[in-house]
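For reference, the structure discussed in these notes is given below.
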Amino acid sequence: MFSRRVALVSAVGALGLMTIVTAGPVASTPNPVPPPGFAISVAIGGHGELTLPTAMAFAPDGRMFVAERAGLIKVFSGSGDTTPTTFADLRTEVNSSPGHGLLNITLDPQFPTRPYVYALYSRDSTTRGGPVPGWNDTCANTTDGCVTWSRLVRLTATGDVATGKPRVLLDDWCNQNGHSIGTLVFGPDQALYVGGGDGATPSTADYGQFGTPGNPCGDPPGGTALTPPTTEGGVLRAQDVTTDADPAGLDGTIIRIYPNNGAPFAGNPFITSPDVDKQRIIAYGLRNPFRSVFRPGTSQLFISDPGWDTYDEIDRIRNVRDSVAENFGWPCYEGASPQPTWQSLDTDLCNSLYAAGTAVKPTFTYAKAAKIVPNESCPVGSSAPTGIAFYQGTNYPSSFRGGLFFTDYSRKCIWFVPPNASGAPVFANRQTFANIAPAAVTDIKVGPQGDLYLVDIGGGQILHLEYVGVPLHE
């Protein structure tokens, strides 16, 4: 048990109060609160153990692998461990300027028999696979930006330490400003699924006109002064796979690869293409696919994708093994509708997509200006869906089993989406589960014992959400 655990207090006729313990002063949030009987505690943190944690992964024996934005991966024996072991130090490789960094890790599904840890990070190099350092982590997040590329590596674990040289699986994801890379997850087919953002300027409509010189990623039709309607640069890289004017990049896509070598997985939609990067792609038209999770027992992949001006999305690939490459529409679409700014720019890529009408609508959207659930205390205006997880444990009441939890980094809340009889999440029945301000959550994982753990990047801690109510007899 945890000495710092704070249980939810509830009373008849009152909504109650939940207090979340953070690394700093205790912060209280009035409403809404989790269901009676839940508590949040600090599992790791509060003693300088972590700095800007971004993602975590559990080993079967309960060890916690935690990534820090600067490039460290640390191993904790379990909750309450204040003396972690440094598993790997990638800081000389990682570009940790805002919006970049070591943003995700995952363990091989057969770990430790296959003793591999996979790491996805923005690399501090100005060219694909080129020398480091490039910007020394100091690039300002402006419209001009600083061109970087990202990297996926496989590390070999010997106990709590990575040994040998990292195996480079991919160097790709040209990035001018933000939205570099994000999701990294194994599927039921033992394939590795990796996502990257559009790599462009997030503050304005970037079609390749920014940079010194312009068009820093060398997008078609060439030159340094790209203009509509022919441009395929900037944010439009998320639609790159729809044309063959240049080799397909991985910006704005989900790829499916072999974890041993990064090669395209057999049966991918574009597997017969002469372009090896295109062979890897199974979905595209995404702005910033930050986290994803498979619905248990299926080949359905759910993706959290922060939007731009109006809507945020949770997208779904219906079947990652089929021959369909879903186009989720960004930047031509935001949410289920054409994006007004990009529609007015009159680009050939968007006009072709509008005419075809083939963009896949999100499974769930919410407006930045509206509450996700009426009357909740979670703020509006700024939003960014991040952590996403299906609950398959037995520690929580049965009403939560098979349901979907998701978080929003900006709104600092957790929502729960119950399943229907067939196990599919019913977003129309979504519920506000907890207001966890000031915690800014970037990742959610279900631990080996069946509890949820939250990565709080702002507080430098891992939070533990446990059920402490009436003992379960289900």
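Remember, it's a predicted structure, so these values are computed and weren't measured experimentally.
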Which pairs with one or both residues in residues 199-256 pass disulfide bond (SG atoms under 2.5 Å apart), sequence neighbours excluded?
Cys174-Cys217
Hey, could you give me each pair passing salt bridge (Lys or Arg N to Asp or Glu O under 4.0 Å) that has a residue in residues 355-373? Not counting sequence neighbours.
Asp312-Lys368
Minimum side-chain heavy-atom gap Ser96-Leu102 below 4.5 Å:
no
Under a 3.5 Å distance rule, please check whether Thr298 uses its side chain to pair with a backbone N or O of Gln300 as donor and acceptor.
yes
Hey, does Phe186 have a side-chain heavy atom less than 4.5 Å from the side chain of Phe294?
no
Show every salt bridge (Lys or Arg N to Asp or Glu O under 4.0 Å) that has at least one partner inside residues 406-427, sequence neighbours left out.
none
Could you tell me whether the side chain of Pro419 reaches within less than 4.5 Å of the side chain of Pro425, counting heavy atoms only?
no
I need the full list of salt bridge (Lys or Arg N to Asp or Glu O under 4.0 Å) pairs touching residues 290-310, with sequence neighbours left out, sorted by first then second residue.
Arg291-Asp443
Can you run down the salt bridge (Lys or Arg N to Asp or Glu O under 4.0 Å) pairs that involve residues 211-230, sequence neighbours left out, and say none if there aren't any?
Asp219-Arg237
Would you say the rings of Tyr467 and Tyr396 are close, in the sense that their centroids are separated by under 6.0 Å?
no
Please check: side-chain N/O of Thr183 versus main-chain N/O of Ser292, any donor-acceptor pairing under 3.5 Å?
yes
Residues that Phe390 engages under ring-ring contact (aromatic ring centres under 6.0 Å, His included), provided they are two or more places apart
Phe302
Do the side chain of Asn104 and the main chain of Gly182 share a donor and acceptor less than 3.5 angstrom apart?
yes
If you define the side chain from C-beta out and look only at heavy atoms, does anything of Leu250 sit under 4.5 Å from Tyr284?
no
ring-ring contact (aromatic ring centres under 6.0 Å, His included) against Tyr207, all qualifying residues, sequence neighbours excluded
none
For the rings on Tyr333 and Tyr311, is their centre-to-centre separation under 6.0 Å?
no
Do the side chains of Trp135 and Ser97 get nearer than 4.5 Å, heavy atoms only?
no
Glu93/Arg151 ion pair, N-O < 4.0 Å
yes
Which of parallel (below 30°), tilted (30 to 60°) and perpendicular (above 60°) describes Phe416 and Phe405?
tilted
Between Gln279 and Asn268, does a side-chain hydrogen bond (donor to acceptor under 3.5 Å, both in side chains) hold up when you go through it step by step?
CA-CA 7 Å; Gln279 293 175 26; Asn268 282 356; over 6 Å; no
According to the interplanar angle, ranging from 0 to 90°, do the rings of Tyr366 and Phe364 count as parallel (below 30°), tilted (30 to 60°) or perpendicular (above 60°)?
tilted
Do the side-chain N and O atoms of Ser122 and Asn95 include a donor-acceptor pair separated by under 3.5 angstrom?
no
Centroid-to-centroid, Phe433 to Trp415, below 6.0 Å?
no
List in chain and number order the residues that pass salt bridge (Lys or Arg N to Asp or Glu O under 4.0 Å) with Asp322, two or more places apart in sequence or in another chain; answer none if no residue qualifies.
none
Write out all pairs satisfying disulfide bond (SG atoms under 2.5 Å apart) with one or both partners inside residues 296-333, taking only residues at least two apart or from two chains.
Cys332-Cys350
Smallest heavy-atom separation, Ser180 atom then Ser150 atom, equals CB-OG, 3.9 Å
Residues Ile254 and Ile303: closest non-hydrogen pair is CG1-CD1, 4.0 Å
Distance-minimising heavy-atom pair for Ser41 and Glu466:
OG-OE2, 4.2 Å
Carefully, step by step, assess Trp330 and Gln339 under the rule side-chain hydrogen bond (donor to acceptor under 3.5 Å, both in side chains).
CA-CA 8 Å; Trp330 173 254; Gln339 211 293 324; over 6 Å; no
Excluding sequence neighbours, so at least two apart, what forms salt bridge (Lys or Arg N to Asp or Glu O under 4.0 Å) with Asp244?
Lys278
Asn136 side chain to Thr138 main-chain N or O, any donor-acceptor pair under 3.5 Å?
no
So, using side chain to side chain contact (heavy atoms under 4.5 Å, CB included) as the criterion, who are the partners of Asp346 when residues are at least two apart?
Asn351
Test item: Ile436 and Cys413 side chains (from C-beta on) under 4.5 Å apart, heavy atoms:
no
Once ring-ring contact (aromatic ring centres under 6.0 Å, His included) is applied, do any residues pair with Phe265, and if so which ones, sequence neighbours excluded?
Tyr258
Check whether the side chains of Asn395 and Tyr391 place a donor and an acceptor atom closer than 3.5 Å, and report yes or no.
no
Assess the side chains of Glu232 and Thr243: does a donor N or O sit below 3.5 Å from an acceptor N or O?
yes
For a 4.5 angstrom cut-off between non-hydrogen side-chain atoms, does Asp124 reach Val94?
no
